[in-house]
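Here is the structure we will look at.
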Amino acid sequence: MNHERWLVSYADFITLLFAFFVVLYAFSKADQKKHAQVSAAIDSGFQSLSIAATLPRSRTSFESNKSYVFADPFQFAVQVNSDVEVRTNLESIRRDLQKRLSGQLARGTVSIQLGRGGLVVSLREAGFFDSGSAIPRPETMGTLHQISESLENCHYDLRIEGHTDTIPIHTPEFDSNWELSSSRATHIARLLLQMDAISPQQISAAGYAEYHPVVSNDSIEGRAQNRRVDIVVMPRAVLDISSDDAEDKSSWRKLTSQ
């Protein structure tokens, strides 16, 4: 009986293992060469377009000891309004709304405020909705038309926000204040769109339930003020990540008025 036959199988195994590592090594060398060729082609392309010379040299390379420059895909071309221009525009809209809605302002069914978030037109529930309903009363269409006419040339975005008080709601139509506030905001947004007040690309709707009160909910009067739909005329903000020191300056930058 030959007790050394296992050496034959062992030798075959070692041979196959060696061949496997040779193949892996060949693949790794081929990838490095291909990466270097791709990098050189990209570099040559940008050099021919005269782009590389204008950009910071901070991108990685597939070749060690050599850096390549790539165009930054996150640079945005943004039309920026100055603070003064935005404030002037919003003040003009506010004056026009105050003139059109003088009766509603006197009755307290509408309020208008200009703040850091933009121009806010608040529609009180008492003047626009029945309790627990998301459908604006028919007699409120006149007020919404007046707001629509004032905003029809507005080039800022509109965010329609629904708000409630802290009293829970549970009806066959609405399980919570989230659903009620969202539905009210959506109805007002739809009406403004039907009136051609603003393009669909500029408008959004959101429900905030009872979590953004303007006053305390401890009194009947306070809860009445918190039940509202806000039409917010907003300055635009964009993400500015093109600057090298964006982290120091805060990545999110308000480009318009504060």
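Here the structure is a predicted model, which is why all the values come from computation and not from measurement.
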In short, Ile167 meets Asn177 closest at the heavy-atom pair O-ND2, 3.1 Å

Contacts of type ring-ring contact (aromatic ring centres under 6.0 Å, His included), residue His212, not counting sequence neighbours:
Tyr208

Shortest non-hydrogen separation from Leu192 to Ser148 and the atoms involved:
CD2-CB, 4.4 Å

Answer yes or no: is there a donor N or O on one side and an acceptor on the other, between the side chain of Ser182 and the main chain of Trp178, under 3.5 Å?
yes

Residues forming a salt bridge (charged side-chain N to carboxylate O under 4.0 Å, His left out) with Glu210, sequence neighbours excluded
none

Test side chain to side chain contact (heavy atoms under 4.5 Å, CB included) applied to Leu180 and Thr171, step by step
CA-CA 10 Å; Leu180 175 60; Thr171 66; over 6 Å; no

Report yes if some heavy atom in the side chain of Leu123 is under 4.5 Å from a heavy atom in the side chain of Thr109; otherwise report no.
no

Closest non-hydrogen atoms of Ala134 and Phe174, given as atom of the first, atom of the second and distance, are CB-CZ, 3.7 Å

Grab the two heavy atoms, one from Leu193 and one from Ile198, that are nearest each other, plus how far apart they are.
CD2-O, 3.6 Å

Evaluate the criterion side chain to side chain contact (heavy atoms under 4.5 Å, CB included) for residue pair Asn226 and Thr164; output intermediate values, then yes/no.
CA-CA 6 Å; Asn226 291 329; Thr164 70; over 6 Å; no

Would you say that Ile231 contacts Arg159 through its side chain, given a criterion of any heavy-atom pair below 4.5 Å between the two side chains?
no

If every non-hydrogen atom of Leu114 is compared with every non-hydrogen atom of Arg94, which pair is closest and at what distance?
CB-NH1, 3.8 Å

Enclosure of Gln113 CD (heavy-atom neighbours >12, cutoff 6.0 Å):
no

When rounded to the nearest 0.5 angstrom, what distance separates CE in Met195 from CD1 in Ile147?
9.0 Å

As an exercise, state the distance from CD of Gln98 to OG of Ser150, rounded to the nearest 0.5 Å.
10.5 Å

Name all pairs fulfilling the side-chain hydrogen bond (donor to acceptor under 3.5 Å, both in side chains) condition that reach into residues 118-131, sequence neighbours left out, sorted by first residue then second.
Ser111-Arg124, Ser122-Asp230, Glu125-Arg184, Glu125-Arg227, Asp130-Arg137

Is the side chain of Asn217 donor-acceptor paired with the backbone N or O of Gly222 at a distance under 3.5 Å, no angle test?
no

Any donor and acceptor pair, going by atom type alone, linking the side chain of Ser181 with main-chain N or O of His163 inside 3.5 Å?
no

Is there a donor in the side chain of Gln104 and an acceptor in the side chain of Thr143, or the other way round, less than 3.5 Å apart?
yes

Going by chain and number, the hydrophobic cluster around Ile135 (ILVMFWY, side chain to side chain under 4.5 Å) further includes none

Could you work out, with salt bridge (charged side-chain N to carboxylate O under 4.0 Å, His left out) as the rule, every residue matching Glu149, not counting sequence neighbours?
Arg100

How long is the straight-line distance from CZ of Arg107 back to CG of Leu101, given to the nearest 0.5 Å?
9.5 Å

At their closest point, which heavy atom of Gly117 faces which heavy atom of Pro235, and how far apart are they?
O-CD, 3.8 Å

Members sharing Val215's hydrophobic cluster, built from side-chain contacts under 4.5 Å between Ile, Leu, Val, Met, Phe, Trp and Tyr, are Val214

Step-by-step side chain to side chain contact (heavy atoms under 4.5 Å, CB included) determination, Val232 to Leu158
CA-CA 5 Å; Val232 186; Leu158 292 188; over 6 Å; no

For Val229 and Phe129: C-alpha separation, side-chain torsions, deciding distance, then whether side chain to side chain contact (heavy atoms under 4.5 Å, CB included) applies.
CA-CA 10 Å; Val229 171; Phe129 300 95; 3.7 Å; yes

Any donor-acceptor N or O pair under 3.5 Å, side chains Glu85, Thr88:
no

